[in-house]
Amino acid sequence: MMKFNILTIFPDIFNSYINESILKRAQKKKLITIKTHNLRDVISNRHKTVDDKPYGGGPGMVMMVEPIYKTLKKIKREKKFRVIMLDPAGEQFSQKTASELAELNQLIMICGRYEGIDARVDEFIDQKISIGPYVLSGGELPSLIITEAVARLLPGVLGHQDATKEETDALEGYIEYPQYTRPETFIYRQKRKTKKLSVPKILLSGNHQIIGEWRRKHRK
Ligand code: SAM
C-alpha cells in the first residue's frame with residue numbers, strides 16, 4: 001500500500017480527479033491511499049492566513065513556513081517516505097523519477113501558491129520537483145500528475161500489466177510505437193472529398209513475430 005499525502009490550501013480541487021478511473025480503483029483495491037491536508041486547518045488565527053508579504057519587498061505574497069511545518073508534523077511517516085515540494089525550478093519530473101518514487105511507501109507533496117514558499121521550508125523537504133519548464137498558479141496539478149504517474153506503476157493498479165512494462169521501455173530510450181483500434185478503415189470528409197485512413201495491414205496479420213518487428217521499427 002502506497003500513501004500519497006498532499007498539502008494544499010485547495011483540497012477540493014482533488015475530489016473529482018482522484019475519485020474517477022484508475023486512481024479511484026486503486027484506492028478501492030487498497031493499493032494506494034490519497035489524503036489531502038488543508039494547510040489552513042493548523043492555523044489558529046481568525047482569518048486562517050497562510051501567506052504574507054515578502055521581507056525586503058517585491059510583488060505578491062509568500063506562503064508561510066509555520067502552516068507547512070505544523071501540517072508536516074501531523075503526518076505519520078511510513079518506513080520509506082519522501083517529502084517533495086512542487087517547484088517550477090525543481091528537478092524535471094520524468095518516467096525515471098516516477099519509477100524511483102514508486103519504490104517508496106509514502107510521498108508527501110507540498111503544493112505552493114502565490115509567489116512561492118518561504119525558503120525556510122527547504123529544511124523540511126527532501127526534493128523539489130518541476131513537472132515542466134513553465135509556471136502554473138499552484139502545485140495541485142503537478143502533485144496530481146506525480147500521483148498518477150507513480151500509482152500506475154504499482155503492481156495491480158493497471159489491469160493490463162504489460163502496459164507498464166512496455167512504457168517502462170521508454171526509460172531505455174524507446175518511446176511507444178503507433179497504436180490502432182477499430183475501425184479497420186476510418187472514413188471522413190475533408191474539403192468535400194471522402195478520405196480513408198486504414199490500419200497498417202501487418203497489424204491485422206495475426207503473426208506476432210512480424211508485428212513485433214514492425215512495432216520495434218516504428219517506435220517513436
Ligand atoms: N514565483 C514562483 C517562481 O517563479 O518560481 C512561481 C510560483 S507559482 C505561481 C506557485 C506554485 O505553483 C509554486 O510554488 C509551485 O508549487 C507550483 N508550480 C508552478 N509551476 C510549477 C511547475 N512547473 N512544476 C511544479 N510546480 C509548479
Side-chain angles (χ1 to χ4, degrees), residues 1-52 62-87 90-91 93-94 96-114 116-131 136 138-158 164:
M1 154 90 75
M2 177 142 185
K3 292 188 174 175
F4 294 87
N5 298 89
I6 302 172
L7 283 65
T8 172
I9 54 168
F10 293 117
D12 290 348
I13 286 179
F14 295 84
N15 292 341
S16 155
Y17 199 79
I18 68 173
N19 289 312
E20 296 284 351
S21 186
I22 287 171
L23 293 180
K24 177 184 176 181
R25 282 201 303 275
Q27 291 174 91
K28 214 167 159 197
K29 288 203 249 169
K30 303 211 181 323
L31 299 169
I32 63 169
T33 60
I34 304 172
K35 190 166 171 21
T36 54
H37 304 264
N38 190 340
L39 290 166
R40 296 190 200 280
D41 287 350
V42 293
I43 299 303
S44 45
N45 69 50
R46 200 158 52 92
H47 301 292
K48 302 274 180 198
T49 317
V50 291
D51 61 304
D52 211 332
V62 175
M63 288 185 80
M64 297 155 94
V65 59
E66 197 185 356
I68 295 173
Y69 170 77
K70 281 186 165 173
T71 309
L72 284 175
K73 260 189 88 176
K74 276 180 29 181
I75 299 172
K76 186 176 166 279
R77 305 290 164 101
E78 295 300 316
K79 200 165 165 213
K80 291 190 280 175
F81 70 90
R82 192 167 299 175
V83 181
I84 293 165
M85 181 198 281
L86 283 317
D87 183 345
E91 171 189 331
F93 188 60
S94 65
K96 189 164 175 281
T97 322
S99 301
E100 284 162 15
L101 298 179
E103 298 296 318
L104 304 171
N105 307 127
Q106 184 181 28
L107 294 187
I108 301 169
M109 292 182 271
I110 304 168
C111 305
R113 278 270 157 182
Y114 314 116
I117 303 177
D118 189 309
R120 288 167 290 186
V121 171
D122 289 6
E123 288 298 313
F124 313 113
I125 64 164
D126 302 310
Q127 190 177 15
K128 293 183 184 182
I129 295 184
S130 163
I131 57 148
L136 302 167
E140 286 75 14
L141 284 172
S143 71
L144 276 172
I145 285 170
I146 294 174
T147 302
E148 179 158 311
V150 171
R152 68 200 301 287
L153 293 175
L154 303 175
V157 168
L158 290 190
T164 42

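Between Lys96 and Glu100 there is a salt bridge, with a side-chain nitrogen of the basic residue lying less than 4.0 Å from a carboxylate oxygen of the acidic one.
Among residues two or more places apart in sequence or in another chain, the side chain to side chain donor-acceptor pair (under 3.5 Å) test is passed with Lys48 by none.
At least one donor-acceptor pair under 3.5 Å links the side chain of Asn45 to the backbone N or O of Thr49. A side-chain donor-acceptor contact under 3.5 Å links Gln27 to the backbone of Leu23. Counting only distance, with no hydrogens or angles, the side chain of Lys80 and the backbone of Glu103 share a donor-acceptor pair below 3.5 Å.
In terms of heavy-atom proximity, Leu101 sits nearest to Arg82 at CD2-NH1, 3.5 Å. Heavy-atom minimum distance, Leu86 versus Ser143: CD2-CB, 3.9 Å. What you find for Met2 and Phe4 is that their closest heavy atoms are CG-CE1, 3.9 Å. Pairing each heavy atom of Gln106 with each of Asn5, the nearest pair is NE2-OD1, 2.9 Å. Here the closest heavy-atom approach between residue Ala151 and residue Ile32 is recorded as CB-CD1, 4.2 Å. Shortest non-hydrogen contact noted between Ile125 and Ile110 is CG2-CD1, 3.6 Å.
Residue Ile6 holds its CD1 atom at 11.0 Å from CD1 of Ile13, rounded to the nearest 0.5 Å. Distance check, rounded to the nearest 0.5 Å: CG of Asp41 to CD1 of Ile9 gives 12.0 Å. To the nearest 0.5 Å, the span separating CZ on Phe10 from CG on Asn38 amounts to 9.5 Å. Annotation: the span from His37 atom NE2 to Cys111 atom SG amounts to 10.5 Å, rounded to 0.5 Å. For the atom pair CD (Glu140) and CG (Leu7), the distance works out to 10.5 Å, reported to the nearest 0.5 Å.
The environment of OH in Tyr17 is sparse: at most 12 heavy-atom neighbours from other residues, nucleotides or ligands sit within 6.0 Å. Residue-environment remark: NZ (Lys29) exceeds the threshold of 12 foreign heavy atoms within 6.0 Å.
Ile131 has its side chain within reach of Leu136: a pair of non-hydrogen atoms, C-beta onward, lies under 4.5 Å apart. For the pair Ile22 and Val157, the minimum side-chain heavy-atom distance is below 4.5 Å. Contact annotation: the side chain of Leu39 never approaches that of Thr8 to less than 4.5 Å [non-hydrogen atoms, C-beta and beyond]. Side-chain atoms of Glu91 and Gln127, non-hydrogen and from C-beta on, do get closer than 4.5 Å to each other. For the pair Val83/Phe124, no side-chain contact is recorded, criterion being any heavy-atom separation below 4.5 Å from C-beta on. Using a 4.5 Å heavy-atom cutoff, the side chains of Asp118 and Met63 are not in contact. Taking 4.5 Å as the limit, some side-chain heavy atom of Ile43 sits within range of a side-chain heavy atom of Val50.
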Begin with the C-alpha distance, continue with both residues' side-chain angles, and end with the deciding distance and a verdict on side-chain contact (heavy atoms from CB on, under 4.5 Å) for Thr97 and Ile129.
CA-CA 9 Å; Thr97 322; Ile129 295 184; 4.2 Å; yes
Might you work through the side-chain contact (heavy atoms from CB on, under 4.5 Å) test for Ser99 and Leu153, ending with a clear yes or no?
CA-CA 7 Å; Ser99 301; Leu153 293 175; 3.8 Å; yes
Under the criterion side-chain contact (heavy atoms from CB on, under 4.5 Å), I'd like the reasoning laid out for Lys128 against Asp122: C-alpha separation, chi angles, the key distance, then a yes or no.
CA-CA 9 Å; Lys128 293 183 184 182; Asp122 289 6; 3.1 Å; yes
Chi angles and distances behind the side-chain contact (heavy atoms from CB on, under 4.5 Å) call for Phe81, Leu107
CA-CA 6 Å; Phe81 70 90; Leu107 294 187; over 6 Å; no
Extract all donor-acceptor atom pairs below 3.5 Å that involve side chains of residues 68-77 and protein atoms in other chains or at least two apart in sequence.
| unit_1 | atom_1 | unit_2 | atom_2 | d |
| --- | --- | --- | --- | --- |
| Lys70 | NZ | Glu66 | OE2 | 3.2 |
| Thr71 | OG1 | Pro67 | O | 2.6 |
| Arg77 | NH2 | Leu72 | O | 3.4 |

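Residue pairs meeting the salt bridge (charged side-chain N to carboxylate O under 4.0 Å, His left out) criterion with at least one partner in residues 3-18, sequence neighbours excluded, are Lys3-Glu78.
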